Amino acid sequence: QVQLVESGGGLVQAGGSLRLSCAASGRSFTGYVMGWFRQAPGKEREFVAAISWTGTFYYTDSVKGRFTVSRDNVQNTVDLQMNSLKPEDTAVYYCAASTVRGLNIGRYSTGDKFGYWGQGTQVTVSS
């Protein structure tokens, strides 16, 4: 059974930093893209970042230069380092594992490429 478990969320002041981690288990993730999505209250879930097995990454425009995605293929973990946080970054953040391989990394910005999701971790940025 595939499990994705996020950790590292919390409350931080604007301008601060948080590091989210996702531990994946239950199957091989070789060759699959891992992603981060978020959902703010009253809004649709949105793409944040994705990283391929080989380390190619892709970000939504609003987090470029502030967020960094990384993965450890031995430990089966994927992290999201979030710097210069803004109140508009407040959301529940979800880790996701793709079930589609071989696409250009930019095509993993939609949730339909991901078949496995974590339970989410809350990130709250105060102004």
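A quick note: this is a predicted structure, and the numbers were derived from the prediction, not measured. What you see below is based on every heavy atom in this structure, not just the backbone, and it leaves out hydrogens, waters and symmetry mates.
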Given N73 and F29, is the side-chain contact (heavy atoms from CB on, under 4.5 Å) satisfied, shown in steps?
-> CA-CA 8 Å; N73 292 332; F29 295 93; over 6 Å; no
Relative to each other, are the rings of Y93 and F67 parallel, tilted or perpendicular (30° and 60° limits)?
-> tilted
So, the side chain of Q39 versus the backbone of A91: is there a donor-acceptor pair under 3.5 Å, distance only?
-> no
Identify the heavy atoms of A14 and S127 that sit nearest to each other, and give their distance.
-> CB-CA, 4.4 Å
Applying side chain to side chain donor-acceptor pair (under 3.5 Å), which residue pairs with at least one partner in residues 10-26 are found, sequence neighbours left out?
-> S17-N83, R19-D79, R19-Q81, S21-D79
Taking the side chain as every heavy atom from C-beta outward, state whether T90 and Q122 have any atom pair closer than 4.5 Å.
-> yes
Counting heavy atoms not belonging to R107, are there more than 12 under 6.0 Å from its CZ?
-> no
Distance in Å, S62 OG paired with K86 NZ, rounded so as to fall on 0.5 Å steps = 7.5 Å
Within one Ile-Leu-Val-Met-Phe-Trp-Tyr cluster: Y59 and Y94, side-chain cutoff 4.5 Å | no
Any chance you could lay out the side-chain contact (heavy atoms from CB on, under 4.5 Å) test for D89 and M82, step after step, and finish with the verdict?
-> CA-CA 9 Å; D89 294 317; M82 305 185 295; over 6 Å; no
For K43, salt bridge (Lys or Arg N to Asp or Glu O under 4.0 Å) partners two or more places apart = none
Do V33 and F114 come within less than 4.5 Å of each other through their side chains, counting heavy atoms only?
-> yes
Out of curiosity, does I105 fall in the hydrophobic cluster containing V100 (side-chain heavy atoms, cut-off under 4.5 Å, transitive links)?
-> yes
Scanning both residues in full, the closest heavy-atom pair of C95 with V78 reads SG-CG1, 3.7 Å
Shortest non-hydrogen contact between S109 and F37, atoms and distance | O-CE2, 4.1 Å
If you measure from CZ on R101 to OG1 on T30, what distance do you get to the nearest 0.5 Å?
-> 8.0 Å
Backbone of G55 reached by a side-chain donor or acceptor of R71 within 3.5 Å = no
Closest contact, heavy atoms only, A24 versus L4 | CB-CD2, 3.3 Å
Kindly give the heavy-atom pair with the smallest separation between V92 and G120, and that separation in Å.
-> CG1-CA, 3.8 Å
Output yes when K64 and D61 qualify as a salt bridge under the 4.0 Å nitrogen-oxygen rule, no when they do not.
-> yes
Hey, could you give me the CZ/OH distance between F47 and Y58, rounded to the nearest 0.5 Å?
-> 6.5 Å
Between atom OH of Y116 and atom CE of M34, what is the distance when rounded to the nearest 0.5 Å?
-> 11.5 Å
Is there a side-chain contact between W36 and C22 (heavy atoms, below 4.5 Å)?
-> yes
Between atom CZ of R38 and atom CZ of R45, what is the distance when rounded to the nearest 0.5 Å?
-> 13.5 Å
Pi-cation contact, Y32 with R27 (under 6.0 Å, within 45°) | yes
Nearest 0.5 Å please: distance from the OG1 atom of T121 over to the CG atom of L18.
-> 9.0 Å
Counting distance only, does the side-chain N/O of Y108 pair as donor-acceptor with the main-chain N or O of I51 below 3.5 Å?
-> no
